[in-house]
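Letters A, B, ... mirror the listed sequences (proteins, then strands); counts begin at 1.
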Amino acid sequence: MEKVSKDLFRELNPAQQEAVKAIEGPVMVIAGAGSGKTRVLTYRIAHLLNEGTDPFNILALTFTNKAAREMKDRIHKLVGGTEARNVWMGTFHSIFARVLRIDGHLLGYPDNFTIYDTDDSKSLIKNIVKEMELDPKQYVPGYIHHRISAAKSNLISDREYNENDEVTEADKASGKPLLGKIFTTYNQRLKASSAMDFDDLLFNMNVLIRDFPEVLYKYQQKFHYILVDEYQDTNYAQYLIVRNLAAKNENICVVGDDAQSIYAFRGANIQNILNFKRDYPDARVFKLEQNYRSTKVIVKAANGIIQNNKNQIFKEVWTENQEGELIRLIKASTDNEEGSLVAHSIFETKMNFQLPNSDFAILYRTNAQSRALEEALRKLNIPYRIYGGMSFYKRKEIKDLLAYFRLTVNNHDTEALMRVINYPQRGIGATSIDRITVAAANAQCPVWEVISDIGKYDTGVNSGTAKKILEFVMMIRSFSVQLQQMNAFDLARHIAKDSGILRDLYEDKSPEGVSRFENIEELINAVKDFSEGDAPPPMEGENATAFRTLGQFMQEVSLLTDADNDDKEDADRVSLMTVHSAKGLEFPYVYVTGMEENLFPGAQSLKDRAELEEERRLFYVAVTRAMTRLTLSYAENRYRWGDLIFCEPSRFIDEIDASLIEMSGRRQSENKTYINISNDFIIRKKEPPAAAPVPAFPSPVPRKLKKIASVPPSISQETFNAAGADEIVAGITVEHQKFGRGKVLNIEGQGPNKKVTVFFQAVGQKQLLLQYAKLKIIES
DNA sequence: ACCGTATTCAGCGCG
DNA sequence: TGAATACGGT
């Protein structure tokens, strides 16, 4: 033990050592970018363990699953053994979901409550708006959800919301007087579905420890040491939980950087970190100011930027690293040229220094900017990966199967029920579903209650439909019964088959259908991996099972988001992402693109000081991602929402000392106007790269052709120009865009009504109107 | 139930 | 511009 802890400190600089050693009492660590923030947190926990602290008494809160996982791994490497896995380490949401599964019954929730994700919440809101017969233009689900979320994050209940005149007046003034009513109904529906949304996990945790002092006491006793990562990003609900849990022992350590607070727009309160000294007058504050990541040039530039913000904790970040290259500034005339110049710069740097693609990152403010950059990279055959796209768990087919799992675990989960009651189609149509919903609303009970005893309610569905509903209920019940009998994998496979999802997707032979089928297989494999792991040690108050159940799988999966389950396969790619998602990462070569007024800083932020300061912190984050060389770029014209607009270079460029910047030469070899027109044309029309000379006068191509580009490569656009009606005769082989190849059996009808019967290998016999079906002749 | 077409809308996004 | 959704015709 002793030896390990000596080694532990040798790897830390004096400031870091002090921060690690200050175990007792309130501590705040202000960690500049690249100063070893995570290192301090992990070493601190390792130190606690080495000193003999029971891991069960340590609570470490992070913002992302990824951060929690990385920290666990690193601690495990430092202290070895199995101790690390017993630390209560995870996101705010996952830790408090765990607590609520144990003690949530005090608030009237079963331990198998469902967690609604944002889509579930919005869909529920949408339905409520519809039921109340309000104008969906006025009551946009996304906006309402945002309001409700903001209220919950500030611990304002629906009742308090409705009783607050200021708030209700504001809603009235903006033409949404019934927003409070929707809030109330929304909460009622959640409760009836035994469900919590993400914000409820924090809100209800607060209610729990507010209303049940013995529960608060229990966790105060348990969590002797509390650590919080990214403290600058905590919202009020999170802040208050932490403060209450730490109130007894005051062994609380928060780590963060006020200069990197970039989530005020979703409720983070930078005051939490600025006021820490006020909350804990005895607090010791440690500043980590030595940067180990970046060159002197980059550090100087970053300092120059952030000093323009007024509201901050003073610190001076410095580095012993070498001076490094000057910051490059690329000026392009259009967004497409910007992409091309960035791509060429990456290509050249890569070749000159023989670097892997993974050394490069391209950052942008908005996701919409990625397209031009992608096109440019593709032209140079530079492999890239876009972060923050559609995550695995957001795909339709995955959500469908997960909905079956959810409904199996919690029959009251109404969003899941609505999703699958008629998928795959079982003849329970929109009208019947409406009738059921209305009956449930009238009877003030969950939809599941209505359909599981449909005769008892006055729904008005006809007997045929009632029978189909009964069959559906029986099926779900049979799944639920298996929860304690089968392990997660066996039950998941059983559900995928019995529900008809597998068959439904298997029958779809289109490339999209095949991919969906593969995704389902991947999900079932994930369940398999989970099943084969050790049964988790039962927590206090939990039932122990000999095997891992589907219920346990769902608890884990409902708080996962972006596929951190990284693809190791060909990881050597250039990274493309928004500045927000780059937070916490580092790359040798970083390109920050779209450095223009109204884009970065964004147009909405120019109105008020606080928002502009957040944009500036965002830029600070972007700049400090770079280790070796930073490149900034902007375009003088940019396509936005379809038309070309003029842009001014960002004010942030001027905030960097001019002596640190070098203007990178534009590629002057070709006529400028020519480049713009031709490049724009090529990229927008998705024609092949101009290996051959580009036509000076692009021939007008019908717009519609663009759509074709999304069709998989095997099917080119000409392929599906319909064959002439006269050319199709019985006996020939044809290809259909969706159904694939098949043989023509029969032709009937005349002119526009000419009908053809085809037997497709994949899907069987189909009748098609020649007028609509675009058939290609494969073999006559 | 299904398809093509019209319409609408556009910020960053953890869990 | 393009993606997501609503609508109207078969």
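- For A/T118, no side-chain nitrogen or oxygen approaches OP1 or OP2 of B/dG13 to under 4.0 Å.
- C/dA4 and B/dG13 are spaced 16 Å apart, taking the P atom of each and rounding to whole Å.
- If you measure from atom CD1 of A/I386 to atom P of B/dG13, you get 12 Å, rounded to the nearest angstrom.
- Going from atom NZ of A/K122 over to atom C1' of B/dG15 covers 14 Å, rounded to whole Å.
- At least one side-chain heavy atom of A/K176 sits under 4.5 Å from a side-chain heavy atom of A/Y139.
- Of the candidate nucleotides B/dG11, B/dC12, B/dC14, B/dC14 has the atom nearest to the side chain of A/R266.
- Using a distance-only test at 3.5 Å, with no hydrogens or angles considered, a donor-acceptor pair links the side chain of A/D197 to the main chain of A/D200.
- There is no side-chain donor-acceptor pair under 3.5 Å between A/K122 and A/N127.
- When the C1' atom of C/dA3 is taken as reference, atom NZ of A/K394 falls 15 Å away, rounded to whole Å.
- A straight line from OH of A/Y143 to P of B/dG13 spans 21 Å, rounded to a whole angstrom.
- Under the 6.0 Å cut-off for aromatic ring centres, A/H145 and A/Y186 do not qualify, their centroids lying 6.0 Å or more apart.
- For A/R371, the side-chain atoms get nearest to C/dG2 when compared with the rest of B/dG13, B/dG15, C/dG2.
- Rounded to an integer number of Å, the gap from A/N598 CG to B/dG11 P is 15 Å.
- Across the interface with DNA chain B, nearest-nucleotide mapping of A/G429 and A/S558 shows A/G429 to be the residue nearer the 5′ end.
- Applying the 4.0 Å criterion to OP1 and OP2 of B/dG15, one finds that A/N65 has a side-chain N or O inside that range.
- A stacked arrangement is not assigned to A/Y639 and the six-membered base ring of C/dT1, the conditions of a centre distance below 5.5 Å and an interplanar angle below 30° not being jointly met.
- When the C1' atom of B/dG11 is taken as reference, atom CD1 of A/I262 falls 13 Å away, rounded to whole Å.
- A donor N or O paired with an acceptor N or O is not found under 3.5 Å between the base of B/dG11 and the side-chain atoms of A/Q369.
- The side chain of A/K126 lies closest to C/dA6, out of C/dA6, B/dG11, C/dT1.
- For B/dG13, the OP1/OP2 oxygens have a side-chain nitrogen or oxygen of A/N367 closer than 4.0 Å.
- Here the side chains of A/I148 and A/I125 are in contact, with some heavy-atom distance below 4.5 Å.
- Nearest nucleotide to the A/H580 side chain, out of B/dG13, C/dT1, B/dG11: B/dG13.
- Rounded to a whole Å, the CD1 atom of A/I428 is 16 Å from the C1' atom of B/dA1.
- Atom pair A/N235:CG and B/dC14:P shows a separation of 15 Å (rounding to whole Å applied).
- If you check every strand for non-hydrogen atoms under 4.0 Å, A/Q238 touches nothing.
- Looking only at atom types and distance, the side chain of A/S340 has no donor-acceptor partner in the side chain of A/E337 under 3.5 Å away.
- For A/Q425 and B/dC2, the shortest distance from a side-chain N or O to OP1 or OP2 is below 4.0 Å.
- Across all strands, A/R640 comes closer than 4.0 Å to no nucleic acid atom at all (heavy-atom distances).
- Across C/dA3 and B/dC14, the matching C1' atoms stand 24 Å from one another, rounded to whole Å.
- Comparing A/H146 and A/N422 against DNA chain B, the residue whose closest nucleotide sits nearer the 5' end is A/N422.
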